[in-house]
Every structure is written in structure tokens, then in C-alpha cells.
There are 2 protein chains.
Amino acid sequence: MVRFAVASSQARDRLLNAAVQHALDQGIVDLSLREIAAAIGTSHRMLIYHFGSREGLLVAVVREVERRERESLGTAPLSVADARRRWDHLADPSLRAQERLFFEIYAHALLGRPGTEGFLDEAVDGWITPVRALLIDAGIDEEDAEALARLGLAVTRGLLLDLLATGDTTGTTRAFTLFTQLLDLPSGHDLSQE
Amino acid sequence: MVRFAVASSQARDRLLNAAVQHALDQGIVDLSLREIAAAIGTSHRMLIYHFGSREGLLVAVVREVERRERESLGTAPLSVADARRRWDHLADPSLRAQERLFFEIYAHALLGRPGTEGFLDEAVDGWITPVRALLIDAGIDEEDAEALARLGLAVTRGLLLDLLATGDTTGTTRAFTLFTQLLDLPSGHDLSQE
DNA sequence: TGGTACACGTACCACGTGGTACATGGAGGA
DNA sequence: TCCTCCATGTACCACGTGGTACGTGTACCA
């Protein structure tokens, strides 16, 4: 009697890593099991065996991408200078594929597609909550802390969308720098008298 | 001899509007011609007839969404107060479906899928260019104008992603308000001494 | 009245899909 | 040595896919 090997195993981990790698290049939501299997050197039969179904594979990939996203973010930024360092990291070309996949899954999740349950909560609150806590620790008013955390996340994600579409590292980094300046030097500049 | 009626016609317009309406509810990227046809009360044969192919339909939908996106944006904001009014408009629940579809197509386009050619350029530059021009007219330094336009777009899109995921109109609006305050009142607040 | 062009339905096609049945090989333990 | 379990390959299935062939009703025009 053959049973689904949905639990972890070395073979499964190997396939998952290869599948994520392939998803980074090609996306995931509109690829077939056979396309993925062929690309990573196995048969679609093996993907079903190790992940139970196509949806099971998608869930596993989504979770892995989520895990890497958290890893990229690491701990929340503590200061404006820290935020700037974090942006420079995110803007690194080596992370583009991962970020593109993140937005693909995000859009997929917005449509309520199976396999993405919980992704959106984690993608937003999982970031805002710790940052807000840090800002409150830093003495910022509670309501402002939440708004600032949301704004920081929005700036980051919005500029990443821009960067992925245009590839314009210079321009997007300049915009991020402007944002940090607005935070850091809230007086004495002349950008906003329009 | 039957020819493809890919040019416009009343019947085609009717089907396109219905297809876009359905895409707003259900997404578009991973739906089949038959699903769409059944949902809008026609046959998949008619979609092929009027749009040439599935990709032709997708192109038509993408263009229509692009057009509506531009229409929602209207003219670029001229002032901070104007930007705030624009956000309130974008945050209106009646636009959620359209925005979700926009991000779905955006993600699709990031993967270079057929039917999305030119979408990204229009989605980013089509917004930044006019805003930058307006900011320069308003007397802002050219480099700062570009950065500010990018930043404004990023804040808008980033907060929309947040809003679509969380449905938290209050929180995202508060974050947008904070952004306008950073622009409008660049002195005298105490948010950024962390 | 006859022709013609459009809009549409039905029935079909080859193909790719997710998933299953079944056999097998190899490693490790009894 | 035999048994069991994991990993895998091959072959298959029913079904849904995009796309096509062909017929037809209707409206308009000569």
C-alpha cells in the first residue's frame, strides 16, 4: 500500500528546493506539474507522491517563499539608518526573482486561491506588528507607531514593485532616500510647498 | 469564409465589458475561456470569434483595465490636499476589485507573460512622468521631483496592497495621512527621533 | 427576391492536465 | 535470506483545454 509522503524527507526537501528555484525563474501559479517536474529533473508522479497534489506542492512553495521573505527581512529595522541599509539589501538584484514570486503569490492570495490561506496576514501583520512594537519601545505614540509601520512597509513594497517593473535601482533608491530624509530631517527642506 | 472579428463591434464591446466585470470578481489569469463564457452567458466559441484567441481576450481585458486605471487616476495630483483626496477615492470599497485585478495583471506582467507587453511601462512611467512634470512646474528641483513622484506612487500602491490584504481602510488611511503630514509639515513633529 | 455579411450554436478535434495503478529496485532490519 | 518500506518509473485514465468546421438565422442592401 502506497501512502502519500507528505511529511518531510530528504528527497522531498530536495524537490521542494528545486521547485522553489524553478518558481523563482518561471513563476508558479500557472505552471503544470509536468512543466515543473521536467524542469527540475523528475516526473510529475514524484511531485504528487511527495506533496500529495498540485495544491500541496503550491502550499509548500508558498510557505517556503514566506519563510525566505521573513529571512530577508530578518529583524525589523530599529532606526532610519537601519531601514536604509535594509532597502539596499532588498534592492540587490539577487533578490529580484524572490520578490517577483512574492508578489505573484500575493496577487494569487488576493483572489482567494487555494493554497494561500494565511499568506496575506503573515505578509502584512507579520511585518507591521514587530515594527510597531519597536517604534513604541522607541517612545513613539501608539497610533503614530502603527501608521509609521504601515507607511514604511508600503514604501518598501511600492518601491519594490517599481524596481521590479523598471529595474531602475538608482531611481527607486533615490526615492527611498527621500523617504528616510522626510523621517530623519523633518525640517529645513523645501520639497513640499506645492 | 468566416473571418475573425477582432475589430470593434457592439457585440464585442458587450462581451468585453462582461468579461472585465467577471475578471473583477474572479481574476483573469487562470480562468479558462469556457469558465468566462459560461459566467457571462455566451459560448467560448464567441470569445474566440470576437477576440481571435484566449490571448486576444486577455490583451483586450488588460488594455481595458489599464484604461480604467488611468481613468481612476485622472489627472495627476497638484497638491498635498489633492493627493489626500485622491487616496480617499482609491480607498473606496467600490474600487477594490479593479485594484486587485490591476495587481494580478501587474504580477503576471512581471513574469513576462504574453498579452501584457507594455503594461508595466504604462503602469509606472505613465504615472511618474506627468507627476514629475507637475512637480517641476511647481518649482521643485528636477531630481527631487522624480524621487518624490516615485515615492508618492510607491506609497499609494504599497498602501493599496495593504488595504486589499487587510481591508483596513482606517489604518491605511491613517498611514497615508502621516505621509502627507511628512510632506506638508516638515517641522515640529516628533516621529523620527528613534 | 436574392445575396451577403455578421453573430452565433453545436459538435468535434488533438492535446495537456491532475491523478492513479502497478511494478520494481534498493536499503536496512529480523 | 526474506521482509518491509521508501523512492521511483511507466503506463494509463477521465476530463478540461484552446481552437476549428460547419451550419444557420437574421438583417440589410441591390
Side-chain angles (χ1 to χ4, degrees), chain A residues 1-23 26-62 104-105 108 111-117, chain B residues 1-23 26-62 104-105 108 111-117:
Chain A
M1 175 73 179
V2 173
R3 294 197 55 75
F4 291 136
V6 287
S8 62
S9 75
Q10 280 191 3
R12 185 185 190 273
D13 290 349
R14 188 167 41 80
L15 287 181
L16 178 56
N17 281 330
V20 169
Q21 186 55 48
H22 184 248
Q26 302 292 326
I28 184 77
V29 297
D30 54 357
L31 293 187
S32 71
L33 285 177
R34 280 174 172 79
E35 285 176 280
I36 300 167
I40 67 181
T42 183
S43 64
H44 83 291
R45 171 70 182 82
M46 283 300 97
L47 294 177
I48 298 271
Y49 175 73
H50 284 288
F51 300 95
S53 66
R54 189 196 129 92
E55 182 180 332
L57 172 63
L58 199 131
V59 168
V61 170
V62 167
E104 186 191 12
I105 295 173
H108 205 59
L111 290 160
R113 293 284 191 273
T116 59
E117 293 81 6
Chain B
M1 173 73 179
V2 174
R3 293 198 54 76
F4 291 135
V6 287
S8 63
S9 75
Q10 280 189 2
R12 189 189 128 103
D13 290 349
R14 186 168 42 80
L15 287 181
L16 178 56
N17 281 330
V20 169
Q21 186 55 48
H22 184 250
Q26 302 291 326
I28 183 76
V29 166
D30 52 357
L31 293 186
S32 71
L33 286 177
R34 280 173 172 81
E35 285 177 279
I36 299 166
I40 68 181
T42 184
S43 64
H44 83 291
R45 170 68 183 85
M46 282 301 97
L47 294 177
I48 298 271
Y49 175 71
H50 283 287
F51 300 95
S53 66
R54 187 196 131 93
E55 182 179 333
L57 172 62
L58 198 131
V59 168
V61 169
V62 167
E104 186 191 10
I105 295 173
H108 206 60
L111 290 160
R113 293 284 191 273
T116 59
E117 293 79 7

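Labels below follow one simple rule: chain letters A, B, ... track the order of the sequence lines, proteins then strands, and each chain is numbered from 1.
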Separation of dG18(C) atom P from Leu47(A) atom CG, nearest Å, is 10 Å
Taking OP1 and OP2 of dC8(C), is either one under 4.0 Å from a side-chain nitrogen or oxygen of Arg12(B)?
no
Whether the side chain of Arg113(B) engages the backbone of His108(B) through a donor-acceptor N/O pair (distance < 3.5 Å, no angle test) should be reported.
no
Could you check how far CZ of Arg14(A) sits from P of dC6(D), rounded to whole Å?
16 Å
Does a side-chain N or O from Arg45(A) land closer than 4.0 Å to OP1 or OP2 of dC13(D), or not?
no
Can you tell me which nucleotide in dT20(C), dA7(C), dG9(D) comes closest to the side chain of Ala11(B)?
dA7(C)
Look at the side-chain N and O atoms of Ser43(B) and state whether any lies under 4.0 Å from the OP1 or OP2 oxygen of dG9(C).
yes
Counting only side-chain nitrogens and oxygens, does His50(B) get under 4.0 Å of the OP1 or OP2 atom of dC8(C)?
yes
5' precedence on DNA chain C between Leu31(A) and Gly41(B) (nearest-nucleotide basis):
Gly41(B)
What's the separation between atom CZ in Arg45(B) and atom CZ in Arg34(B), rounded to the nearest 0.5 Å?
12.0 Å
Between His44(A) and Leu15(A), the residue closer to the 5' end of DNA chain D by nearest nucleotide is Leu15(A)
Using a 3.5 Å distance criterion without hydrogens, assess whether the side chain of Gln21(B) forms a donor-acceptor pair with backbone atoms of Ala19(B).
no
As a test of understanding, state which of Ile40(A), Asn17(A), Ile28(A) forms a side chain to side chain contact (heavy atoms under 4.5 Å, CB included) with His22(A).
Ile40(A)
Check against side chain to side chain contact (heavy atoms under 4.5 Å, CB included), Asp30(B) and Val29(A):
CA-CA 8 Å; Asp30(B) 52 357; Val29(A) 297; 5.6 Å; no
Within this structure, what is the CZ-to-P distance between Phe51(B) and dC8(C), rounded to whole angstrom?
11 Å
Using whole Å, report how far OH of Tyr49(B) lies from C1' of dG23(D).
14 Å
Gap between atoms CD and P, on Glu55(A) and dT17(C) respectively (whole Å):
18 Å
Can you see if the side chain of Ser32(B) gets near the phosphate of dT17(D) - specifically, an N or O under 4.0 Å from OP1 or OP2?
yes
Nearest whole Å is fine: how far is dG18(C) C1' from Ile36(A) CD1?
12 Å
Can you tell me the Watson-Crick or wobble partner of dG28(C), both distances under 3.5 angstrom?
dC3(D)
Between the base of dG16(C) and the side chain of Arg34(A), is there a donor and acceptor pair under 3.5 angstrom?
no
Whole angstroms only, please: what is the CD1-P distance between Ile48(A) and dC12(D)?
19 Å
Taking CG from Leu33(A) and P from dG9(D), how many angstroms apart are they, rounded to a whole number?
15 Å
